[in-house]
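The chains referred to below are lettered A, B, ... by the order of the sequence lines, with proteins before strands, and numbering in each begins at 1.
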Amino acid sequence: MRTPTDRPVRFYKARFKSGGPLVPIKFTITQDIDPETGELADDEVFAAASPEGPVNPTWVEETCHEIPEDQYWALLAARATVPEMLATHVRLDLRHTIITP
Amino acid sequence: MNDFSNDLFESGASPAIGHNNPPAGPFREAIVREHTELAARHIAAAELWVKNGAITSEEQAAKLNDFRSGVKAVIKTVENDRKADKKPHDDAGKAVQEAYTPIIAQLKKAVDLTEKPLRDFLLAEQRRKEAEAAAERKRIAEEQARIEAERKAAEAEGDAARAAELEGIEKQAQKEAKRADRAPSKASVGSATGAGKSTSVRRIAYAKVTAVGPCFSYFRDHPDVLDLLTRLATNAVRAGETVPGTETHHEEKVI
């Protein structure tokens with residue numbers, strides 16, 4: 001009996017560079033579930049995506065911090081107002097990146 | 001073609017670019033200018049945050065937290081630059097102190113070493129003057145008593161002229177007594193050459209606390225006592241102690 005993994009949609013925050021900006025990541029598990037038995041009919045497919053593109057889902061699960069969905073959307077909104085956050089592989093220097101309301 | 005370059009400069013080499021610049025100021029002006037501009041931008045952003053009003057979401061709180069982290073990081077950078085610019089002056093000041101202080105210490109030692117013989121002499125002089133003054137006061141008192149007795153005897157015998165004469169002498173003696181009653185002049189030493197200052201011994205008082213309770217009661221209303229007690233009590237309260245005679249207040253600070 002193959003039970004589907006809990007919570008097929010999750011959200012994480014990651015840093016691609018030490019001191020770099022937080023990057024929101026959406027983690028998904030594609031599941032083929034038999035409607036009669038409720039069991040998996042095929043292997044689950046794990047995927048993770050950042051606004052930059054796909055990210056290794058194993059790395060995300062093992063190293064990143066899971067966050068609630070509203071925090072994921074808040075991070076996406078912050079990226080829209082703080083352009084320096086788009087440079088995900090550069091240390092974010094708050095001395096020169098002045099955060100305003 | 002004549003080449004004058006070797007004639008103009010003794011070394012034969014041209015001086016480096018900037019050799020005619022004015023001497024550097026006490027700090028790096030370009031760095032201070034950069035910091036001033038960055039600080040102005042942070043102040044402008046702080047004013048926007050104040051205008052924004054109360055924080056109503058975690059998202060806004062997190063952004064404000066980031067802004068404050070940035071300001072604190074700038075403060076750290078500016079402090080490091082301040083210390084770096086100040087260091088040569090501190091080092092120079094320290095070098096000056098190191099050059100002069102031992103000299104002054106040696107000279108003060110010379111003054112300290114020679115204090116005892118002069119103090120001993122002055123104290124002996126003071127005692128001698130006090131003894132002389134006491135002896136003089138005694139002599140005058142005895143003289144006054146003798147003159148008074150003679151005057152009374154003359155009055156009793158009806159010798160008015162003699163009595164009046166003695167009264168005059170008595171008044172003189174009273175003036176002398178008043179002069180003698182004044183504290184004997186302090187013993188002092190003048191200058192041998194005229195170039196030095198005169199010196200005398202001064203009696204300076206120091207208190208030694210022998211009973212803390214009465215002494216504390218005497219000073220209890222002094223503001224310094226309250227400051228000291230507040231400081232001691234605050235340290236004790238923060239260490240988890242209960243201090244009698246105090247109330248514990250709390251202040252919420254964002255750290």
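For the atom pair CD (B:Glu59) and CD (A:Gln71), the distance works out to 10.5 Å, reported to the nearest 0.5 Å. Going from atom CZ of B:Arg41 over to atom OG1 of A:Thr100 covers 11.0 Å, rounded to the nearest 0.5 Å. Taking CZ from A:Arg95 and CD1 from B:Ile75, the interatomic distance works out to 12.5 Å, rounded to the nearest 0.5 Å. Atom CD1 of A:Ile99 sits about 11.0 Å away from atom CG of B:Asn65, to the nearest 0.5 Å. Between B:Thr77 atom OG1 and A:Asp93 atom CG the span is 7.5 Å, to the nearest 0.5 Å.
Using a 4.5 Å cut-off between heavy atoms, B:Leu64 does not touch chain A at all. Proximity to chain B is limited to the side chain of A:Thr81, based on heavy atoms less than 4.5 angstrom apart.
Residues in residues 76-101 of chain A take part in these ring pair (Phe, Tyr, Trp, His ring centres under 6.0 Å) pairs, two or more places apart or across chains: A:Phe16-A:His89.
Applying the 6.0 Å contact sphere to CH2 of A:Trp73 captures no more than 12 heavy atoms from other residues, nucleotides or ligands. For NZ of B:Lys72, the number of neighbouring non-hydrogen atoms (other residues, nucleotides, ligands) closer than 6.0 Å is greater than 12. Other residues, nucleotides and ligands place no more than 12 heavy atoms under 6.0 Å from the CD atom of A:Glu36. Applying the 6.0 Å contact sphere to CD of A:Glu44 captures more than 12 heavy atoms from other residues, nucleotides or ligands. Within 6.0 Å of atom CZ in A:Arg79, more than 12 heavy atoms from other residues, nucleotides or ligands are found, so the atom counts as buried in its surroundings.
You'll find the side chain of A:Pro101 stays beyond 4.5 Å of the side chain of B:Lys63, heavy atoms only.
For the options A:Asp70, A:Leu94, A:Val82, A:Leu75, heavy-atom pairs under 4.5 Å to chain B are most numerous at A:Leu94.
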Should B:Phe67 and A:Ile98 be marked as a side chain to side chain contact (heavy atoms under 4.5 Å, CB included) after you check the CA-CA gap, both sets of side-chain angles, and the distance that decides it? CA-CA 6 Å; B:Phe67 167 73; A:Ile98 301 178; 3.8 Å; yes
